[in-house]
Protein chains: 2
Amino acid sequence: MPGDAAMDQPPLGRRAQQRQQRLAQILAAAEQVFATAGFEGASMAAIAAAAGLPKANLHYYFGTKEALYAALLEELLRLWLSATDAIRPDSAPDAALESYIRAKMEWSRSRPHASKLFANEVLRGAPLLSAHLAGGLRAQVEEKSAVLRGWIAEGRMAPVEPRHLFFAIWAMTQTYADFETQIRLVLDVPALGEREFEDGVATVLRLVLGGLALRA
Amino acid sequence: MPGDAAMDQPPLGRRAQQRQQRLAQILAAAEQVFATAGFEGASMAAIAAAAGLPKANLHYYFGTKEALYAALLEELLRLWLSATDAIRPDSAPDAALESYIRAKMEWSRSRPHASKLFANEVLRGAPLLSAHLAGGLRAQVEEKSAVLRGWIAEGRMAPVEPRHLFFAIWAMTQTYADFETQIRLVLDVPALGEREFEDGVATVLRLVLGGLALRA
DNA sequence: GTCTATACGAAGATAGAC
DNA sequence: GTCTATCTTCGTATAGAC
């Protein structure tokens, strides 16, 4: 990309790259600490220790603890909103919902910290997220709900309130990240692995596809 | 009740009653504050303000913040473990599961703070609850799972991993308490009311009973 | 840009009067 | 038993040397 200012000046580009690496390094540590300790429970010292940096550096890059937290939420929100692509009017209902469920479950498996971070934020009343929930998320839910209502009207799936169906799917899939501790203790396994996620996917698929008369 | 020591001595009895009232007053305030702020986010000053007492009184009755939090968890745990009674070998599978789902959803409606408190605790890794989760809860899940496996073996419901079915039901019902903020914003309503919980119950019942081939 | 040392405030806990 | 005043710790944030 020859118009990129950062690439035109190797010294500056290297510095910018260093900067991006530091930012990512801090954000990764913050994701982990905020996820399990919550906003109030997480200390800048703990995040700094997880990132392997003195805590003054965190303030140099992000200013305040809340700014770091907000930047993290902002970054993770993009991933969050990019999983419903499979639900389109021309899709087959069963394949679309199965794809969506598998994507959500994979998100819980690969990014449990991100899911826990959102859970903590919503539990707190979503002070930094309510605008996004009432904006982008609501709009996306309305759009996809319209698709589902179309399928229902065509008799291609059982009648259900689409928005509540989304709440149910979110809950069932995210619980494998947010309530991992509880699931692990009840199942008496040291950690959730392939087996547990396969059983989870199978259960959710049975309830959703079976409940909506999309398979035997 | 004539053998009751508290009733035999009116002055002492009245004092004990006063004490119980204070304890309940503080626990109710603590439930509300801990639920939305989490353990670290909640301050003794905030709980004291919610209870209408000076914060020194909280320390007089409970000693430390952690002891207050532990007492609260202990108290709520009893309610938590008392909802699966409907699932018994001689029950009809559809009626038993419907009764269980309605009980769990009613719990989310009437005691959202308690649900949020548990959610916060589990998100933190359940430092004060892991013994109960690996003990009483696991035992109860195993017992009820055996009942479900019996029904499956008799061909009375579709095959499903019973423990994961419980995880799914817990997630779908508790989400109306824990993620109330998100649901409220997506639905664009000022608060969750009769309508929203009816839609929620209908959705969960459809997925579970339909998914397990317990109704059309 | 990086890090040590520190200022400032908030919160848990207690002392001691009433 | 109750409450005000205070002690102490801890965490955020910054100052200032390198």
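Because only heavy atoms are used, hydrogens play no part in the values below, and waters and symmetry mates are left out as well, while side chains stay in.
Evaluation of the salt bridge (Lys or Arg N to Asp or Glu O under 4.0 Å) test over residues 22-47 of chain A, restricted to residues two or more places apart or in two chains, returns A:Glu31-A:Arg111, A:Glu40-A:Arg124. The stretch residues 59-79 of chain B participates, sequence neighbours left out, in these side-chain hydrogen bond (donor to acceptor under 3.5 Å, both in side chains) pairs: B:Tyr69-B:Glu121.
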Are B:Arg102 and B:Glu98 close enough, and set up right, to give a salt bridge (Lys or Arg N to Asp or Glu O under 4.0 Å), and what steps lead you there?
-> CA-CA 6 Å; B:Arg102 288 188 183 277; B:Glu98 175 165 349; 3.0 Å; yes
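With sequence neighbours left out, the side-chain contact (heavy atoms from CB on, under 4.5 Å) criterion links A:Arg184 to A:Glu180, A:Thr181, A:Val189, A:Leu192. Residues that satisfy the side-chain contact (heavy atoms from CB on, under 4.5 Å) test with A:Ala177, not counting sequence neighbours, are A:Ser108, A:Pro112, A:Ser115. Qualifying salt bridge (charged side-chain N to carboxylate O under 4.0 Å, His left out) partners for A:Glu142, counting only residues two or more places apart in sequence or in other chains: A:Arg163. With sequence neighbours left out, A:Phe167 forms a ring-ring contact (aromatic ring centres under 6.0 Å, His included) with A:His164, A:Trp170. The side-chain contact (heavy atoms from CB on, under 4.5 Å) test applied to A:Val160 returns A:Ile152, A:Met157, A:Leu165, A:Leu212, B:Thr203, B:Arg206, not counting sequence neighbours. Among residues two or more places apart in sequence or in another chain, the side-chain contact (heavy atoms from CB on, under 4.5 Å) test is passed with A:Thr175 by A:Phe179, A:Ile183, B:Ala171.
The footprint of chain B on DNA chain D, defined by a heavy-atom cutoff below 4.0 Å, extends from D:dG1 to D:dT4.
Side-chain atoms of A:Val208 and A:Met172, non-hydrogen and from C-beta on, do get closer than 4.5 Å to each other. Counting heavy atoms from C-beta outward, A:Leu133 and A:Phe118 have side chains that stay 4.5 Å or more apart. In this structure, the side chains of B:Leu137 and A:Gln182 come closer than 4.5 Å at one or more pairs of heavy atoms.
Rounded to 10 degrees, the angle separating the terminal helix axes of the helix from C:dG1-D:dC18 to C:dC18-D:dG1, each built from five base pairs, is 10°.
Of the residues in residues 50-74 of chain A, those placing a heavy atom less than 4.0 Å from an atom of DNA chain D are A:Lys55, A:Ala56, A:His59, A:Thr64, A:Lys65, in numerical order. Residues from residues 24-47 of chain B lying near DNA chain D, meaning a heavy-atom separation below 4.0 Å, are absent.
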